Amino acid sequence: MIVEIHPSSPGLSAGQPLAGVDCKSLTEHQDQRGSFTEVFQQYWSTCLTPTQWSLVRSEPNVFRGMHLHQRHDEYFCLIEGHCLVGLYDARPDSPTRNQWALYELFGTDLKAIVFPRGLLHGWYFFTPSVHLQAVSESFVDYGHDDNHGCRWDDPDLGITWGITDPILSDRANSFPPLRHLLADLANAAPSS
Ligand SMILES: Cc1cn([C@H]2C[C@H](O)[C@@H](COP(=O)(O)OP(=O)(O)O[C@H]3O[C@H](C)C(=O)[C@H](O)[C@H]3O)O2)c(=O)[nH]c1=O
């Protein structure tokens with residue numbers, strides 16, 4: 001596992017490697033025509049079996065998240081631009097429970113991050129950016145009942161984003177604090 005912050009961003013901290021998270025460097029094959037890069041292979045040993053791929057464009061200073069899904073695993077690959085990917089481990093049975101990790105990504109240095117269900121996740125874009133996202137359960141199936149969230153700037157997350165006033169969706173603007181989300185999930189969990 002790799003947790004990376006680029007040396008050009010000394011104010012940021014990388015956090016801790018989280019159990020089950022992969023950050024894979026991709027190989028860009030360049031020639032006189034341009035380049036060719038494999039962005040996903042089924043034989044890579046990640047947690048993800050994708051059922052939906054999406055392409056997302058983001059404006060500068062946009063923050064998407066923090067979201068949490070209990071049923072599906074996820075993939076993120078920045079194609080163009082510069083962004084941060086933050087993860088917080090909310091899995092009750094995880095060895096890295098309540099820890100976080102921050103990745104700084106550049107479209108000029110392609111990497112794919114794959115992470116399992118149960119991790120809060122969010123992405124912040126410094127510049128106009130394009131990324132690929134894949135999930136193991138389609139939006140039409142998970143959208144209504146497995147699309148949880150909490151405030152991106154909740155101090156209890158501990159994530160050192162280094163940003164102050166990002167552009168959020170209306171929904172993300174009204175997300176609850178982390179402790180409320182965790183209490184709701186615990187109350188909804190089937191008792192053993
Ligand atoms: C996720 C999704 C969205 N949409 C539509 C629904 C809205 O009209 C629009 C924007 O959706 P949303 O505001 O949910 O997008 P994000 O806030 O960027 O959410 C995404 O980024 C965060 C960090 C996540 O974890 C979500 O799961 C993820 O997909 O696209 C679709 O048509 N299909 C989809 O799969």
Side-chain angles (χ1 to χ4, degrees), residues 3 12 15 18-23 39-40 46-91 94 96 99-107 111-154 156-163 165-178 180-182 184-185 188:
V3 177
L12 297 175
L18 303 180
V21 178
D22 288 306
C23 178
V39 298
F40 184 80
T46 72
C47 62
L48 185 76
T49 303
T51 61
Q52 177 188 316
W53 288 90
S54 305
L55 182 146
V56 186
R57 299 183 197 281
S58 299
E59 301 293 329
N61 198 35
V62 160
F63 190 101
R64 297 175 181 269
M66 300 287 287
H67 288 172
L68 181 146
H69 317 287
Q70 293 183 299
R71 291 198 305 267
H72 76 252
D73 314 312
E74 199 150 336
Y75 165 105
F76 180 101
C77 179
L78 186 74
I79 304 299
E80 281 180 18
H82 176 199
C83 77
L84 297 172
V85 170
L87 304 174
Y88 176 91
D89 192 346
R91 297 168 294 181
S94 170
T96 51
Q99 296 185 32
W100 58 272
L102 190 62
Y103 298 81
E104 185 176 23
L105 300 178
F106 295 86
K111 294 187 167 86
I113 298 176
V114 185
F115 56 92
R117 60 199 71 185
L119 267 65
L120 273 154
H121 49 281
W123 358 110
Y124 174 76
F125 301 91
F126 294 98
T127 61
S129 297
V130 182
H131 76 269
L132 290 175
Q133 226 173 276
V135 283
S136 63
E137 181 182 29
S138 296
F139 181 67
V140 67
D141 296 320
Y142 82 76
H144 301 296
D145 67 330
D146 191 25
N147 204 5
H148 312 283
C150 84
R151 286 288 309 179
W152 72 276
D153 54 353
D154 190 323
D156 288 346
L157 290 170
I159 301 176
T160 57
W161 292 103
I163 57 176
D165 191 19
I167 299 164
L168 301 172
S169 70
D170 290 344
R171 181 166 175 262
N173 239 327
S174 60
F175 276 159
L178 174 65
H180 290 185
L181 169 67
L182 297 180
D184 288 348
L185 294 176

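Indexing begins at 1, ligand by ligand and atom by atom, following the structure's order. None of these values were measured; they are calculated from a predicted model.
Summary of contacts: the protein heavy atom closest to atom 28 (C) of ligand 1 is Gln133 NE2, 3.2 Å. Among all non-hydrogen protein atoms, the one lying nearest atom 15 (O) of ligand 1 is Arg64 NH1, 4.0 Å. With respect to atom 19 (O) of ligand 1, the closest heavy atom belonging to the protein is His67 CE1, 3.4 Å. Looking only at heavy atoms of the protein, atom 21 (O) of ligand 1 is closest to Trp123 NE1, 3.5 Å. Distance from atom 13 (O) of ligand 1 to its nearest protein heavy atom, with residue and atom name: Ser169 CB, 4.7 Å. The protein heavy atom nearest to atom 4 (N) of ligand 1 is Phe139 CE2, 3.8 Å.
For the ring pair (Phe, Tyr, Trp, His ring centres under 6.0 Å) with His82, the lone residue among Phe125, Tyr124, Phe106, Trp123 that qualifies is Phe106.
With Asp89 contributing its side chain and Leu119 its backbone, the two residues share no donor-acceptor pair below 3.5 Å. Judged by distance alone, with hydrogens and angles left aside, the side-chain atoms of Asp146 form a donor-acceptor pair with the main-chain N or O of Gln70 at under 3.5 Å. The closest donor-acceptor contact from the side chain of Thr46 to the backbone of Leu48 lies under 3.5 Å. At distances below 3.5 Å, at least one donor-acceptor pair connects side-chain atoms of Ser94 with backbone N or O atoms of Thr96. Without hydrogens or angle criteria, Asn147 side chain to Tyr142 main chain gives no donor-acceptor distance under 3.5 Å.
Atom 11 (O) of ligand 1 is never approached by the protein to below 4.0 angstrom, counting heavy atoms only. For atom 8 (O) of ligand 1, the nearest protein heavy atom lies 4.0 Å away or farther. Put simply, atom 17 (O) of ligand 1 has protein non-hydrogen atoms near it, under 4.0 Å away. Of the protein's heavy atoms, at least one falls inside 4.0 Å of atom 34 (C) of ligand 1.
Residue contacts with ligand 1 leave out Phe76, since none of its heavy atoms falls under 4.0 Å from the ligand. Ligand 1 is approached by Gln52 to a heavy-atom distance shorter than 4.0 Å.
Here's the thing with His69: one of its N/O atoms is less than 3.5 angstrom from an N/O atom of ligand 1. Where the criterion is an N or O separation shorter than 3.5 Å, residue side chain and backbone included, His121 meets it with respect to ligand 1. Between Tyr142 and ligand 1, an N or O atom pair is found at a separation short of 3.5 Å.
Side-chain contact between Pro50 and Ser136 is absent, with no heavy-atom pair separated by less than 4.5 Å.
When non-hydrogen atoms are compared, ligand 1 lies under 4.0 Å from the side chain of Glu74 (C-beta onward) but not from its backbone.
Relative ring orientation between Phe115 and His121 is described as tilted, the plane-to-plane angle lying within the 30° to 60° band.
Note that CZ of Arg64 is 10.5 Å distant from CD1 of Ile167, once rounded to the nearest 0.5 Å.
Aromatic ring centres of Phe175 and Trp152 lie farther apart than the 6.0 Å criterion allows.
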